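Predicted, not measured: the structure shown is a model, and the values here were computed from it. Chain identifiers are assigned alphabetically (A, B, ...) following the order of the sequence lines, protein sequences preceding nucleic acid strands; residue numbering begins at 1 within each chain. In what follows, every heavy atom counts, from backbone to side chain, and hydrogens, waters and symmetry copies are set aside.
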There are 2 protein chains.
Amino acid sequence: MIIEGELEPGKRIYEGPLCERLGVSRTPLREALRYLASEGLVDLTPQRGASVRQFSAKDIQDMLVLIRTLEELAGRLACEEGSDEEISEVRQLHNEMLVYYREGNRLDYYKTNQRIHSAIVALSHNESLIQVHASLQSKLKRVRFIGHEGKEKWAAAVAEHEAMIRALERRDASALVAALSAHLEHAWERVRDVV
Amino acid sequence: MIIEGELEPGKRIYEGPLCERLGVSRTPLREALRYLASEGLVDLTPQRGASVRQFSAKDIQDMLVLIRTLEELAGRLACEEGSDEEISEVRQLHNEMLVYYREGNRLDYYKTNQRIHSAIVALSHNESLIQVHASLQSKLKRVRFIGHEGKEKWAAAVAEHEAMIRALERRDASALVAALSAHLEHAWERVRDVV
DNA sequence: CAAATTCAAAATGTATACATTATACGTTGG
DNA sequence: CCAACGTATAATGTATACATTTTGAATTTG
């Protein structure tokens, strides 16, 4: 609900109404809120309860800087650790994404895009890295989903992805890192205006 | 209690006894457990409750690889973003640590050591980076605390720290990154045997 | 004798009740 | 008329009670 914008950033999360909405009692809801607080999606203030975490432009930029570094590391590891089979699965996701691109299906394109990045990170076989990346990605989901790209930027993003996949298939770590790095550099330009 | 080893890795965490021990009811304890689960310190299995997360040697190594990359990023940012005052505070912590080293006070040495690394990361002024680093560091606390170094390795670690601080004071990013990187490379050698 | 089964004890998952604290509105005093 | 206060309402924080599931051991069965 936070990611999809149903709960607005900065707004308080009242337990009572949300319990009714979800059909559960306060106990499991509160446990979930504590979990989300640790994930960084909600703020907890003593005696005032939970509110939807609000990210400033600097927060977003900082997260993108961090996720870029994480994906660079993941890219290097992926070239070493990823199996041929795993790499071909990434290629398959990429082909799937191209279909959505040609159809102009932005939602499924976006979802597949995220899955590709997660899949590349998964190739690192570094569980901590995978977890931290997933946590960051979920926080960025909302803003990146809102950030709508123009036609030419979209085409550029697809080209960057193509370069990524090819570098991965050649297991060319420096090319992959460069492609990932450029891609996430541009990600900031794409969301800069909406935050 | 997890970090200090009072709760053994892999062992289940029974709510009842722990509630008595802490003097609280199950509700707030369970909320805390959900929080710790998100932090990665405990595992939650449906219908079986919580258990202390157990890290394999590969888990530890992967975390050290990740924390090394994070500190490298932090080091670069620290040289750009850190104020002179903040840097001098790090120097002060370093001097404090040297006293503990000369006294042979391992516990306080170790604590100050951690504070220095956190302080350098804080100089990045990147809140996400600070949080992720802190979370990882807390998971590694237990193993790194157990990892007891020999006299010569200890001396080497102190020398590495000295290099770090000097590079930071010169705002020499590449020197700082190299020093941090070497330091964390050796960290694995120091804990390798105990995991 | 081993394996499967049954049943009681105890654990987790959820709901509800109560205490405490914050909040908002109406009232009173300057 | 505005500000400050007090009270009522509603929120959060915690404890407890109840339902369901797991667990372990004794018993039964092949």
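Position along DNA chain C of the nearest nucleotide to Val24(A) versus Arg12(B) favours Arg12(B) as the more 5'-ward residue. Judged by closest nucleotide on DNA chain D, Arg48(A) is the one of Arg48(A) and Gln47(B) placed further toward the 5' end. Residue whose closest nucleotide on DNA chain C sits further toward the 5' end, between Pro46(A) and Thr27(A): Thr27(A).
Comparing dG13(C), dT23(D), dT16(D) against the side chain of Arg26(B) picks out dG13(C) as the nearest. Closest to the Ser25(A) side chain, of the nucleotides dT14(C), dA22(C), dA15(D), is dT14(C). With dG13(C), dT14(D), dA11(C) as the choices, the nucleotide that has an atom nearest any side-chain atom of Pro28(B) turns out to be dT14(D). Comparing dT14(C), dT12(D), dA15(D) against the side chain of Tyr14(A) picks out dT12(D) as the nearest.
For CZ of Arg171(B), the number of neighbouring non-hydrogen atoms (other residues, nucleotides, ligands) closer than 6.0 Å is greater than 12. Atom CD of Glu162(A) sits in a crowded spot, with more than 12 heavy atoms from other residues, nucleotides or ligands closer than 6.0 Å.
For dG13(D), the OP1/OP2 oxygens have no side-chain nitrogen or oxygen of Arg30(B) closer than 4.0 Å.
For Leu44(A) and dT14(D), the CG to P distance is 12 Å, given to the nearest whole Å. In this entry the distance linking CD of Glu15(A) with P of dT21(C) reads 17 Å, nearest Å. Atom-to-atom, CD of Glu31(B) to P of dG13(C) comes out at 14 Å; the value is rounded to the nearest Å.
Glu31(B) and Tyr35(B) are not linked by any side-chain donor-acceptor pair at a separation below 3.5 angstrom, with hydrogens and angles left out of the test.
A salt bridge is absent between Glu72(B) and Arg76(B); no separation between the charged side-chain nitrogens and carboxylate oxygens falls under 4.0 Å.
Backbone-only engagement by Ile13(B) is indicated by non-hydrogen atom pairs under 4.0 Å involving sugar-phosphate atoms exclusively.
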